[in-house]
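Chain identifiers are assigned alphabetically (A, B, ...) following the order of the sequence lines, protein sequences preceding nucleic acid strands; residue numbering begins at 1 within each chain. Both backbone and side-chain heavy atoms feed into the values below; hydrogens, waters and symmetry mates do not. Just so you know, these numbers come straight off a predicted model, no measurement behind them.
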There are 2 protein chains.
Amino acid sequence: MNNFTFQVTTDIRFGKDRLNELPEVLNTFGKNVLLVYGGGSIKKSGLYDQVMAQLQNNDNQVTELAGVEPNPRIETVAKGAELCRTEKIDVILAVGGGSVIDCSKVIAGAACSEEDPWTLVTKRSYQGPALPLVTVLTLAATGSEMNRGAVITNLTAKQKLGVHGPNFLPKVSFLDPTWTFSVNRYQTAAGSADIMSHLIENYFSTTENTDVQDGIAEGLLKAVITNLPIALDTPDDYDARANLMWASTLALNGLTGSGKAGAWSCHPMEHELSAFYDITHGIGLAILTPRWMLHVLNETTAPKLARFAREVFQVEEAVPEMAARMGIQKLYDFFLACGIPMTLPEVGIEDDRHFEEMAKQAVAFSSIATNAYVPLTESDVIAIYQEALTPSEYL
Amino acid sequence: MNNFTFQVTTDIRFGKDRLNELPEVLNTFGKNVLLVYGGGSIKKSGLYDQVMAQLQNNDNQVTELAGVEPNPRIETVAKGAELCRTEKIDVILAVGGGSVIDCSKVIAGAACSEEDPWTLVTKRSYQGPALPLVTVLTLAATGSEMNRGAVITNLTAKQKLGVHGPNFLPKVSFLDPTWTFSVNRYQTAAGSADIMSHLIENYFSTTENTDVQDGIAEGLLKAVITNLPIALDTPDDYDARANLMWASTLALNGLTGSGKAGAWSCHPMEHELSAFYDITHGIGLAILTPRWMLHVLNETTAPKLARFAREVFQVEEAVPEMAARMGIQKLYDFFLACGIPMTLPEVGIEDDRHFEEMAKQAVAFSSIATNAYVPLTESDVIAIYQEALTPSEYL
């Protein structure tokens, strides 16, 4: 196990009917609130009205930034940062999923920085101050509600980049599973695929003997595998939604990654799919992950892939390589059974015309070529994209 | 899943050679340090000298409180609180295991309170201010390094009671697995039994559908079961010690208990063993836990006990009650194989002369009779103690 520092101070308010705690929370920071949200689903679900009622009763001055994109764009960040300055915002309230929270994090930093917002993102690490951020989560997926990372897209530059900042960490996050009842099947499955990908990316690392981190990851993976089908069948099953929501938060708050080294593999490859084709992040990850696993399967990686198969999917096969293949197949079949389109053409990526450029960027904007679980060259990335053009049958 | 609030702000500095960060950490709070430690094992291991060297280079004013007992006594707490007042202590530095840290927590509170220290403990919850606490952990066991609880013994009153306080939470905890290399086999096994007990106590709860919490608990249990035998065979195996240390911290920081209701069962029963006979806490828990499991096994509890057997000990038996029994036996055998004395006479409790009084207190000082996983009356407690007088064979 490697050395690490772990401090995640976010105050999690989990469960039903916690919104009445919002005024007290906001009052610690001030009265001028920037309310950030997405495409309006919170208006349909009634959450917008509930939040506004709390803010009005609390005499908050509210500025709204609506329409944050599923892959949040740098133009929206710039607009939010400008609003913070002109409206003298005290605290940002993000109501939505990972996109809204990610966008709000970078707004919070950019509002306190002289730097151009896209320059700030391209530096990948922002050590400066940020406005305090409070979140109200509506989608179990990115884990952004309890970490220091954000991903922002620049469609002009065809770039989707992650940026971290110690002050991006939300101060308080409200997690009420009932607000995810209205998330449709497709987005519910995509969100869970995102959770599973975070766990899998951390699980396969060059650092050995990390049973604590790996045991937690296996436990969270099993919790998602048990509860996602229930949530798909019965969207208002509170406990299923609760398990997915809490799993999403814990999958990416440092618990499964601390003490382990190396770059993630599938996220850099997926970011190029989203940057070039604006597809749903979690779907891209579901498509790529089993192909990536098969691509990196070799004598050295077989034991860990077999452990994954055994612990997560109860595969009983003794020969590691065989067990690994069975686990990969089970992961693929699970995604398929949850209604996830498992080929690129099904999400509108019909051919390989951009694969070379995408692979170049995937390698350039990450360290997958040097310190991933199995280092990936541009040709590796192209091969994995190619595999994803057609359905797979591994066994 | 129940509603919960989760906020654990302790700054964990995990790994080798982190002590050079101690001065910077202490300087945030002040120069006057109360150094609290136990029976002197830190002098033998060289840790005392290393800490003192850091403090001297940093111009700290150091007051020492040595000799904290394995079951820390209220007299020691009172002495420490008095020292904090007379020496105008700014920060408490606890160097040791759970006893030293627990003792330091209540000292930190009592130093800021007008209340008699034992009165403070008997109220079970302390909402007042406390001096800041920094810990340097030397034993993987209680998890006290990242939570708000403490257990204090009053031998005169024959009472061992838990007390919680929001301000008992350590500000910073240094976790270097190398400091546990010198922990002997007995204490290593006892510490791991304590970790496992915390996980098991949270696992068996009246709240259903908590796959996230239960999956994490299963993962941590497996990490302990894998790594304890390695640490017993090879005391300086860094990774084995690291997994045990990090498991101990995560087993009791709220991760596996948040969102679940009900009283713990084995701890209140064990506290009476320690209060009456001053035995090692983890050993008492190892002795009681399988007997308790068997005592509460019935049609209702069998499925969860069978899940425990399946997920933690790979039991493949399909009939729940049978699987449950096999899991209980495997837990018992695991403790035995780790060198833990598995009967009360082996730890000096030869007969049942105090069982009635102990059972009365176990029920009086907890809520096991009303809201435990399976409510336990005084006769249940006596029966479990009786079972522990002789070796067990369950199957």
Side-chain angles (χ1 to χ4, degrees), chain A residues 1-18 21 146 172-173 175-177 207-227 230 237-247 249-251 254-256 258-259 310-311 314 316, chain B residues 1-18 21 146 172-173 175-177 207-227 230 237-250 254-256 258-259 310-311 314 316:
Chain A
M1 202 181 292
N2 293 347
N3 284 8
F4 62 87
T5 295
F6 181 88
Q7 188 184 28
V8 190
T9 55
T10 306
D11 180 353
I12 299 288
R13 312 280 175 108
F14 193 100
K16 295 173 206 172
D17 305 322
R18 305 291 297 264
E21 299 165 28
M146 201 185 189
V172 183
S173 284
L175 274 57
D176 182 340
T207 311
E208 297 199 328
N209 301 325
T210 51
D211 291 310
V212 165
Q213 293 87 337
D214 297 346
I216 293 173
E218 288 156 2
L220 294 175
L221 281 163
K222 283 187 288 187
V224 174
I225 291 166
T226 301
N227 288 283
I230 302 172
D237 185 298
Y238 180 84
D239 281 336
R241 293 292 192 176
N243 277 291
L244 293 179
M245 189 174 243
W246 192 215
T249 307
L250 298 180
L255 273 180
T256 65
S258 296
R310 191 175 65 244
E311 297 294 341
Q314 293 78 51
E316 287 177 16
Chain B
M1 200 180 295
N2 292 347
N3 283 8
F4 62 87
T5 295
F6 181 89
Q7 188 183 30
V8 190
T9 56
T10 305
D11 180 354
I12 298 288
R13 311 279 175 111
F14 193 101
K16 296 173 205 171
D17 305 323
R18 306 290 298 263
E21 299 166 26
M146 201 184 189
V172 183
S173 284
L175 275 57
D176 183 340
T207 311
E208 297 199 327
N209 302 324
T210 51
D211 291 309
V212 165
Q213 293 88 335
D214 296 347
I216 293 173
E218 289 156 1
L220 294 174
L221 281 163
K222 283 188 287 186
V224 174
I225 291 166
T226 301
N227 287 283
I230 302 172
D237 186 300
Y238 181 84
D239 281 335
R241 293 292 193 177
N243 277 291
L244 292 179
M245 189 173 244
W246 192 217
S248 80
T249 307
L250 298 179
L255 273 180
T256 65
S258 296
R310 191 175 65 243
E311 296 294 341
Q314 293 76 51
E316 287 176 16

Of A:D11, A:L175, A:I12, which meets side chain to side chain contact (heavy atoms under 4.5 Å, CB included) against B:F6? A:I12
Quick check: are there more than 12 heavy atoms from other residues, nucleotides or ligands sitting under 6.0 Å from CD of A:E316? no
Only pairs of heavy atoms separated by less than 4.5 Å count here; which of A:M146, A:E208, A:Q213, A:Q314 has the most with chain B? A:Q213
Non-hydrogen atoms of chain B under 4.5 Å away: do they reach the side chain of A:L244, the backbone, both or neither? neither
Honestly, the part of B:L250 sitting under 4.5 Å from a heavy atom of chain A is side chain
If you count heavy-atom pairs under 4.5 Å between each of A:N209, A:N2, A:V224 and chain B, which one has the most? A:N209
Could you pull out the closest heavy-atom pair between A:D211 and B:N243, with the gap in Å? N-OD1, 3.0 Å
Measure the NZ-CD distance between B:K222 and A:E218 for me, rounded to the nearest 0.5 Å. 5.0 Å
Once you measure the plane-to-plane angle for B:F4 and A:F14, does it fall in the parallel (<30°), tilted (30-60°) or perpendicular (>60°) bin? parallel
Distance col, row B:N3:CG vs A:D176:CG, nearest 0.5 angstrom, shows 7.5 Å
If you tally heavy-atom pairs under 4.5 Å against chain B, which of A:G215, A:S258, A:S173 wins? A:G215
Answer with side chain, backbone, both or neither: which region of A:E311 has an atom nearer than 4.5 Å to a non-hydrogen atom of chain B? side chain
Roughly how far apart are B:L255 CG and A:L255 CG, rounded to 0.5 Å? 5.0 Å
A:D239: which residues meet the salt bridge (Lys or Arg N to Asp or Glu O under 4.0 Å) condition with it, sequence neighbours left out? none
Can you name the residues that form a salt bridge (Lys or Arg N to Asp or Glu O under 4.0 Å) with A:R18, not counting sequence neighbours? A:E21
Could you grab the distance from atom CG of B:D214 to atom OG1 of A:T226, nearest 0.5 Å is fine? 10.5 Å
Between A:T210 and chain B, which part of the residue has a heavy atom less than 4.5 Å away: side chain, backbone, both or neither? backbone
Rounded to the nearest 0.5 Å, the CE atom of A:M1 sits from the CZ atom of B:R241 at a distance of 13.5 Å
Which atoms of A:T5 are under 4.5 Å from chain B, going by heavy atoms: the side chain, the backbone, both sets, or neither? both
